[in-house]
Structure formats: structure tokens, C-alpha cells
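Quick notes on the structure that follows.
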Amino acid sequence: MSITMTVTDPRVDVLGVRVSITSIADALERIGGWIDRREQHYVCVSGVHGVMESQRDPELRRIHNASGLTVPDGAPLLWAGRYVGAEGMGRVRGPDLMPALAERAADRGWRIYCYGAAPGVAERLADRLCAWYPGLTIVGAASPPFGDFDPDGEAPFIDEINAAKPDIVFVGMSTPKQERWMSWALGRVTAPALLGFGAAFDIHAGLVDEAPAWIRPTGFEWAYRMARSPRRLGPRYLKHNPRFVAAVLRTPPRLHDAQEPTQESTEMAEHSAHRTASRAAEEQHTAAQGIAPKSLLKRAAVTALTSLERSRLHLLPAHFYSSVPQRRWLRENEELWRRPTELPGVRWRLDEQLDWLARVCEAPYLDEVRGFGFLRDLDARGIDFRYGAIEAQVLHCAVRTFVPKRIVEIGSGASTAIMSAAVSRTVADGGQASEITTIDPYAPAALRHLPHVSVREIPAQQVPAETVTGLGAGDLLFIDSTHAVKTGSELHHIYLELLPSLPKGVLVHIHDIYLPYQYSPWVLDDIWDWQETALLSALLIGNDRFEVLSCQSALHHARPDALAAVLPDYRPRPMTRGIDDRRGSGHFPSSIWLRTR
């Protein structure tokens with residue numbers, strides 16, 4: 001059995017801990033090579049905890065750097081690799097690597113020994129792995145003495161492990177005990193591969209729940225684990241995580257092309273000088289490239305952002321350049337933003353808006369949707385109701401009143417079913433059928449078979465102008481978009497290209513418009529900050545091509561009693577200066593109806 005103490009593979013230096021540029025597939029191949037050559041190494045499965053423990057313990061840092069592999073178990077270590085451009089680096093979670101290695105062992109005939117965790121856990125783990133992977137050979141299982149690493153207490157187990165002749169030893173202790181054990185056992189245990197799996201023992205033994213799959217890539221798996229065991233893990237995470245972020249911002253990760261021989265005396269003596277020299281070299285390099293220190297921080301932030309983005313999460317700075325408002329600033333500066341807006345050059349007469357609404361919602365059409373019976377029908381069809389109940393009544397009545405020949409709907413959902421039902425009633429009465437074209441790349445399957453509806457599963461950005469220029473007087477363009485004004489948003493196409501190209505006499509419906517206010521009633525407590533209302537306001541001001549027929553949010557704020565007289569099911573939700581600060585019940589209709597001139 002040869003023992004290799006010099007590792008020359010390229011790694012990513014994260015605060016002095018050299019993390020291997022590897023993946024699960026690569027790690028399996030390397031471990032297989034050790035077994036074939038009978039070459040002994042150990043694997044550190046490391047995260048933020050291991051890196052931060054290594055900051056105060058040079059011996060633990062040496063152990064990490066002398067490993068055959070130090071794999072990125074924690075998402076922040078993977079982000080560090082992406083920050084420096086480490087190609088081929090993937091996250092190697094202990095709970096993922098263990099079953100992958102067990103499956104490979106079953107296929108290759110490798111023998112495994114399970115050593116770690118509380119009494120009985122290693123045996124339970126062995127039984128479950130053998131059940132999952134037929135043909136797997138687990139030659140033994142034992143639990144180490146409780147407490148800190150003590151060579152005298154561990155020595156009696158060495159003979160037992162060696163007598164079982166394993167190729168791989170799964171080690172299940174907490175950091176740093178398992179790393180110290182593997183370094184000490186190197187040369188004493190004859191197995192070629194030692195792997196420190198830690199919590200994976202308890203997870204795959206069925207004693208601890210693993211974090212849900214959607215949490216694992218986000219970097220917040222620690223929060224889930226802490227919530228499940230706050231007294232044990234809270235002090236660790238609350239201590240190490242903020243310090244890790246601060247330390248990495250001070251000393252960004254870097255590529256380490258080839259690790260020097262890791263004899264203890266050399267590593268310990270040169271570590272301080274090496275860190276000082278590397279920091280100086282980094283500063284010289286950035287100065288030569290004209291990169292300011294702030295640029296390094298920005299690059300690190302962008303790396304974290306893009307990594308989290310793969311898991312549908314964004315991590316953004318609270319900054320005046322960000323499009324996301326700071327709620328604290330909003331609360332402290334209400335006089336600067338919390339007020340109704342003026343719309344100069346817009347014919348904005350609430351009496352006329354009420355009259356139009358009353359004409360549209362006359363009997364018998366309003367009677368068809370009184371009491372919100374359509375909600376039961378939607379539920380029976382499996383269609384989520386994410387539209388307003390009052391808006392739905394008005395939409396039904398508008399489709400029944402104007403009988404549009406064509407309806408183009410951007411967005412889909414309950415509104416699609418409401419319009420389909422309204423058209424079906426018109427047809428049953430002997431009237432003209434409307435052709436409804438729904439444009440939504442994520443349209444629910446339940447909409448595909450609705451009468452009079454055809455679904456185009458394309459982004460609104462791809463809608464050609466001809467789709468709306470072909471609309472005629474009395475036709476309807478229904479808009480219920482993402483409401484998010486941002487680069488690449490469909491709103492740019494809708495407001496800058498589609499709406500300006502509409503022919504005369506086309507009805508336009510837009511949902512989630514908050515006029516006369518420019519903000520959502522829930523802006524102080526919501527995670528979204530939709531700005532479609534501001535974009536619409538800019539389109540309307542001084543533009544005589546669009547006539548405002550009825551703005552339900554404006555009537556809600558200014559004429560709730562009159563609105564209730566037109567729509568008897570309406571129960572106004574109380575608000576103060578456009579904000580739902582009373583947490584009351586009731587309706588807040590927020591659709592605006594326009595017509596092109």
C-alpha cells in the first residue's frame with residue numbers, strides 16, 4: 001500500500017483551504033483509481049464550517065490541503081470555484097456522494113466499512129445501503145468513542161477495520177473530528193480510500209430529514225438544518241457564516257495551480273508568508289489590470305447572483321441603483337412617494353367611468369355572474385383563481401356586451417375561462433362566437449380544451465405586430481402580464497410596439513393597475529414591486545389615442561359607494577392613501593379599460 005502525501009491537482013484557494021476542482025463523476029473516477037493502484041488517500045467533504053474551523057486551526061487546514069480530495073460540499077465553495085472560472089467544478093454534497101459511491105462499489109465489487117455516528121447508526125446505514133444497492137458488500141460497521149478525537153480510544157478499532165479488508169471506509173463524525181481521524185489513520189488503516197461523510201450517516205440511516213431538493217442548490221441548506229436542530233447547530237452557523245462572507249470579501253478566492261508537498265513542518269512554517277505573498281500578488285495583478293478593489297467585490301457579488309439564479313433566487317445589494325426598493329427607506333420617506341399621481345392631458349372623469357361601467361354591467365349579463373358562482377366552475381375544472389372576483393364580473397359583462405369578433409389575451413388563467421364561458425353564453429343565445437387567442441408560454445393544461453380558445457405557448461416578446469394590428473373596432477386586447485418592468489420584459493414589447501400599433505376602436509383591458517397611485521397596496525410588505533402602472537401612466541399622459549373607459553382602482557379609492565351600486569357583490573377593502581395598512585377583508589378591483597381612438 002503506497003501513501004501519497006503530495007497532491008498536485010489544481011485547486012481553488014478559499015481562505016487558505018484548497019478545494020478540489022472536481023465533481024461527483026470525477027470524484028468516483030479518482031477514488032476508483034486509488035483502489036486499482038492500492039494508493040491511499042482520504043477525502044474531506046467540506047463546507048463553510050470546515051473552512052472557518054481551519055482559520056483558527058492550522059493543523060486542520062494542513063489536513064484539508066493534504067487530502068486526496070477536498071470536495072465542495074457547501075454551495076459557497078462551489079460559488080468560489082465559479083468566481084475564479086474553475087471549469088468542470090460541481091457541487092459534491094456528502095449525502096449525494098455516499099449513495100453514488102455505494103452504487104459504484106456494488107458494480108465494481110468494492111468492499112465498504114462504515115465507521116462513525118452514534119451507536120447503532122452505522123449498522124442501520126449499512127443495512128439500508130445494502131437494501132438499496134443489491135450486490136453491495138459492507139464488511140463491517142462500528143461507532144467510535146464519543147467526544148473529541150483521542151488516538152488511544154480509536155486504536156482498538158484499527159485492527160477490526162483491517163481484519164475486514166475494506167477498500168473504502170465511510171467515516172461519519174463531525175468536523176473536525178473526522179478529518180483528524182482520517183489523517184491519523186492514514187497508514188494505519190489499509191483501505192485505499194477514507195471518506196469523511198459527517199451528517200450523511202444520519203441522513204441515509206433515516207434519522208435526519210434531508211433538506212428539500214429546491215433548497216439544496218440555494219446555499220441555504222444550513223438554514224433548514226439549523227431550523228431542525230437550533231440548539232446544536234445555531235451557534236455554529238450564526239458564528240461562522242457571517243464571518244465567512246466578510247473574510248471572503250476581504251480575501252477573494254483564487255486558483256492554486258499546484259499544491260506544494262504538504263509535510264507538516266513545511267506547511268506550518270510557510271503558511272503565513274504564503275498568505276501574505278498571495279494577497280500582495282493579487283493586489284499587484286489587479287492594479288496592473290486596472291481593476292479596483294471594489295471591482296473584485298462586484299465580481300464576487302455577480303458570481304453569487306448568477307449561482308443563486310440557477311435556483312430561482314436573487315441576492316441583490318440594497319442600493320439606490322437597484323430596481324428593488326428598500327422598505328425601510330420607503331417607511332422613512334413616505335412624503336416623497338406616498339401620494340396619488342396627476343395624469344396631465346388625460347381625460348379622467350370618474351362620473352363618466354361609472355356611467356360606462358353601469359352600461360356594460362346591466363342585467364341580464366351581471367345577473368349571470370352575481371354571487372361568484374363561476375368560482376365553483378373554475379374549481380371543478382382545476383383552474384386556479386388568480387384574478388379578481390369583481391374584475392371577473394366586469395370582464396364577463398364586457399365580453400357579453402361588446403361581442404368582440406376577436407380577443408387576444410396576453411397571459412392566461414381564470415380570465416381565459418371567464419371569457420370562454422361568456423362567449424359560450426352568447427353563442428347559446430344565437431349570437432356571434434368570439435375567437436380567443438391566448439398567448440402564454442406557461443399556460444395551464446386545463447385551458448387547452450376550453451371552447452373558443454386557442455393557446456399559443458410563446459413568450460409575449462415573440463408576438464408579431466400583425467397579431468394586434470388585425471384587430472378591429474370592438475375587438476379586445478386583454479393584458480395580464482408579469483407586470484415587471486426590466487430588461488427583456490414583455491412589457492417593453494407590449495407598451496412600446498403593440499399598444500401604439502392598435503387600430504381605432506379596439507378595447508384594451510390591463511390588470512393590476514393601481515391608479516391614481518403608482519404603487520401596489522402591499523408594497524411595504526410584498527417581495528414584488530411591479531411598475532407597470534408607471535409605464536401605463538407614461539403612455540397615457542398627453543396621448544389622445546387612448547380613451548380611459550373605466551379604472552376600477554380609481555373608483556375603489558374615490559367612489560366606493562357608487563361602485564357598489566353598480567356591482568352589488570363589491571365589498572370595498574379599506575385602505576389609507578393607497579396602502580392596505582388595516583389588513584381588512586374585501587375587494588380591491590384593479591383592472592383598467594381603455595379604447596383606442
Side-chain angles (χ1 to χ4, degrees), residues 3-22 27 40-81 83-84 86 89 92 94 148-149 151 171 173-187 194-198 222 236-237 239-282:
I3 302 172
T4 299
M5 294 293 290
T6 301
V7 180
T8 58
D9 60 311
R11 299 194 179 196
V12 178
D13 188 310
V14 184
L15 303 180
V17 174
R18 297 167 191 168
V19 182
S20 301
I21 300 174
T22 187
Q40 191 174 50
H41 294 276
Y42 58 85
V43 178
C44 295
V45 179
S46 194
V48 168
H49 177 51
V51 170
M52 296 311 293
E53 287 289 335
S54 296
Q55 302 308 293
R56 64 180 184 83
D57 188 343
E59 168 63 10
L60 180 59
R61 184 170 58 243
R62 181 200 68 78
I63 292 171
H64 277 94
N65 295 341
S67 68
L69 287 169
T70 292
V71 300
D73 174 68
L77 301 194
L78 176 61
W79 300 339
Y83 170 78
V84 299
M89 188 172 183
V92 186
D148 295 335
F149 172 66
V171 184
M173 310 172 194
S174 61
T175 295
K177 183 178 180 180
Q178 66 186 9
E179 287 76 19
R180 297 190 193 283
W181 187 91
M182 290 189 296
S183 178
W184 169 82
L186 206 67
L194 314 177
L195 291 98
F197 279 122
W222 62 270
R236 175 203 296 182
Y237 291 133
K239 172 185 176 183
H240 286 318
N241 290 10
R243 293 180 180 180
F244 175 82
V245 172
V248 166
L249 289 176
R250 289 194 303 269
T251 308
R254 64 185 185 87
L255 279 175
H256 187 88
D257 291 332
Q259 183 176 321
E260 298 296 329
T262 57
Q263 289 86 352
E264 178 180 355
S265 58
T266 302
E267 180 75 21
M268 295 286 287
E270 294 183 354
H271 179 74
S272 178
H274 169 74
R275 287 291 298 278
T276 301
S278 66
R279 183 178 297 179
E282 181 76 21

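As the structure is a prediction and not an experimental result, all values here were calculated from the model. Heavy atoms only: backbone and side chains are in, while hydrogens, waters and symmetry mates are out.
The two residues Val45 and Val71 come nearest to each other via the heavy atoms CA-CG2, 3.7 Å. In terms of heavy atoms, Pro253 sits closest to Tyr83 at O-CE2, 3.6 Å. Taking each heavy atom of Val12 and Ala86 in turn, the nearest pair found is CG2-CB, 4.0 Å. Asp73 and Gly94 get closest at one heavy-atom pair: OD1-N, 2.7 Å. Taking both residues in full, the closest heavy atoms of Glu53 and Leu60 are given as CB-CD2, 3.5 Å, listed atom of the first, atom of the second, then distance. For the residue pair Pro72 and Thr22, the shortest heavy atom distance occurs at CD-CG2, 4.1 Å.
The shortest side-chain heavy-atom distance between Val245 and Asn241 does not fall under the 4.5 Å cut-off. Side-chain contact between Arg18 and Asp13: present, with at least one pair of heavy atoms (C-beta onward) separated by less than 4.5 Å. Put simply, the side chain of Phe244 reaches to within 4.5 Å of the side chain of Val14, judged on heavy atoms. Within the 4.5 Å cutoff, the side chain of Arg180 has no heavy atoms near those of the Met173 side chain. Inter-residue side-chain proximity for Leu15 and Thr251 is flagged as met; some heavy-atom pair is nearer than 4.5 Å. Inter-residue side-chain proximity for Met89 and Leu78 is flagged as met; some heavy-atom pair is nearer than 4.5 Å. Residues Ile21 and Leu255 are in side-chain contact: their nearest non-hydrogen atoms beyond the backbone lie under 4.5 Å apart.
For the pair Tyr42 (side chain) and Ala185 (backbone), a donor-acceptor distance under 3.5 Å is absent. With Thr70 contributing its side chain and His64 its backbone, the two residues share a donor-acceptor pair below 3.5 Å.
Here the CD1-CH2 distance, from Ile63 to Trp181, works out to 12.5 Å after rounding to the nearest 0.5 Å. The CG atom of Leu186 lies 10.5 Å from the OG atom of Ser67; values are rounded to the nearest 0.5 Å.
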(message) Assess the residue pair Leu69 and His41 against the criterion (side-chain contact (heavy atoms from CB on, under 4.5 Å)); give the C-alpha distance rounded to whole Å, side-chain angles, the decisive distance to 0.1 Å, and a yes or no.
(response) CA-CA 8 Å; Leu69 287 169; His41 294 276; over 6 Å; no

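Scored by the side-chain contact (heavy atoms from CB on, under 4.5 Å) test, Thr175 finds His49, Gln178, Glu179 as partners (sequence neighbours excluded).
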